[in-house]
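Just below is one structure, and these are the notes that go with it.
Keep in mind that this is a model prediction, so the values were computed, not measured. First the proteins, then the strands, lettered A, B, ... as listed; each starts at 1.
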There are 2 protein chains.
Amino acid sequence: MSGTSDTLFALAAGSTQTAAIEGISAAGADPTLMAHTPSADAELLAYGRTARAPVVPVSPTGCPTPAVVTRAVRERLGFETVVLDAGLAEPTGAPTIDLGAARGGDVRDSEPVPDAAEIFETARTLGSDLPADRLVVAETVPGGTTTAMGVLAALGERRAVSSSLPENPLELKREVVDAGLAASDLDAGDLAGEPTEAVRRMGDPVLAAVSGLAAGALDADADVTLAGGTQLATAGALVRHAGVEDGLELATTSFVAGDDSARIRDLAADQSLDLTVTDPGFEARDSHPAMAAYLAGEAKEGVGMGGALALAAEADLGMDAVRESIVEVYDRVTDPVEEPA
Amino acid sequence: MSGTSDTLFALAAGSTQTAAIEGISAAGADPTLMAHTPSADAELLAYGRTARAPVVPVSPTGCPTPAVVTRAVRERLGFETVVLDAGLAEPTGAPTIDLGAARGGDVRDSEPVPDAAEIFETARTLGSDLPADRLVVAETVPGGTTTAMGVLAALGERRAVSSSLPENPLELKREVVDAGLAASDLDAGDLAGEPTEAVRRMGDPVLAAVSGLAAGALDADADVTLAGGTQLATAGALVRHAGVEDGLELATTSFVAGDDSARIRDLAADQSLDLTVTDPGFEARDSHPAMAAYLAGEAKEGVGMGGALALAAEADLGMDAVRESIVEVYDRVTDPVEEPA
């Protein structure tokens, strides 16, 4: 642990009504439990196991949350983390910085994030105050690729997004976004240059938080890594539409990069984001259920997984060590036996 | 960093109107800045410097907050920390777990902590949920020894408390507590066996939080260290009056142990607390302003300083290394030049 936080990993966690649309998200096996996913992810990042949250998030087929991977890297590298409450629906036992954000509404309504501008400004101030030479910005919000697509549409950007499902339900997302544009009385591109308006009418509170954080850290001349896939690329677009032109890294996983529907290279190029893609080499342990699920196209990214892997690669922590740590964390968090206190 | 949190250091931070009574507290050079002290302490513990708080807490004579010492030990040992919002009056940039506590009132009123029972129960549940084999429980609340005296009186316990001032304003505290008992229509001992009532009518929200945390961690069979002086001894009394008889450690500094007015050995014995006293050996660097101030009787304890020193001693981290780290943290946090981001 260093004296000051050279690298600080900030996770914005929130929820929306958009996630409740049937077929949108894999973040949580059971819709009634999905609302707990961001709260549980925050606990896994902070503690390496759950605390208040009743479940460890797994997909319907048993794929564990990418929080397991991010935590596994953290246990080797020891970087400091903070969690931002950007509209959590359920209590978390992880310490959080409160952004005063309410849970997001349904993107098919006219104003799913009424407080988008306030969240962005609060996060921007915080981003410039947080002690970090380098801020790594991550998200956990079920249904987040759909709201990201909504924001990209409002901004007039390329509407490519990834999915936590092996088969990206792109048609469904497009229908939902089109319904949202209609409800908001918008045509694509109407909100170019108005990032917080785009979030207010088509986004989710976590997008306001991560883009605000990034903008604020850039204001303070910190290095910023957007840790994630198409949602963080959308955050990068929001930063650009706010008029911030500083260098910005986007660090994602090989699973997102390998998802043709995501078009992450094009999204990054559109916004002048320096793209880093890290492959954790899960093929080497393809019989492990967590790694097999990722190889089959599940989850792909989230909770800053791509950023954590990039930090591991930069620190010359071999991916064999990362995989070993993933197995340890997976075994710990999925152990059905209550651990003695 | 270990896989799970073997040792977790939990700081409950809050504020009261009691602290505004003239002459009660040294926690903050300027009364208008004192409300920021717990928020700043949380940031110092979490980051090793302030973030949102406008000041680094120093006493009127320039003695830095004991958060500097606790952080200095943390930078050597790397234990994990959580901050609980137990009634903060000002924003903090440190991540916090929200206990839903309001700022405490004035102990001279009839009901300074209306939500004492709810805070205690929320903290107790959290204490049993937090992942820790050993929970170290600390406080930061200006004016806290006065409210501790009030609770001790209500419980019918020995009314000895320490002070952050070299000359303990015991007469003033006794007058304030007597006024509080009268306003609450209580005689000493009337609330024996009713710990949350004692806090509700004579305490502060941080006492409800630290005693609840300790009780909950004991419920979950964790080891618990009350890290502090007479306020944490009072928390121990509250745990006992709640009927919890498990073993409990009280870890404080040699400065509290050397304060005859505090009678910490008697307080600990009254409640069957295993007392650990750690001397950081500040005489070896008595020309340093921070250490000279402690040697002159200022501050003495707070923000878990005694617990942090005990952890250092257990880990065989020599006190010379602790002192060296204190100088580093002190120089960093008191540097008037804005650090580059």
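- Separating the CD1 atom in B/Ile97 from the OG1 atom in A/Thr92 is a distance of 7.5 Å, to the nearest 0.5 Å.
- Of all the heavy atoms in B/Arg52 and A/Thr122, the pair that sits closest is NH2-CG2, 3.8 Å.
- The part of A/Ala94 that comes within reach of chain B is its backbone (N, CA, C, O), which places non-hydrogen atoms under 4.5 angstrom from that chain.
- Residues B/Thr96 and A/Pro95 fail the side-chain proximity criterion, which asks for heavy atoms closer than 4.5 Å.
- Of all the heavy atoms in B/Pro131 and A/Arg49, the pair that sits closest is CB-NE, 3.4 Å.
- Across all their heavy atoms, B/Glu80 and A/Ala46 have their closest contact at OE1-O, 3.3 Å.
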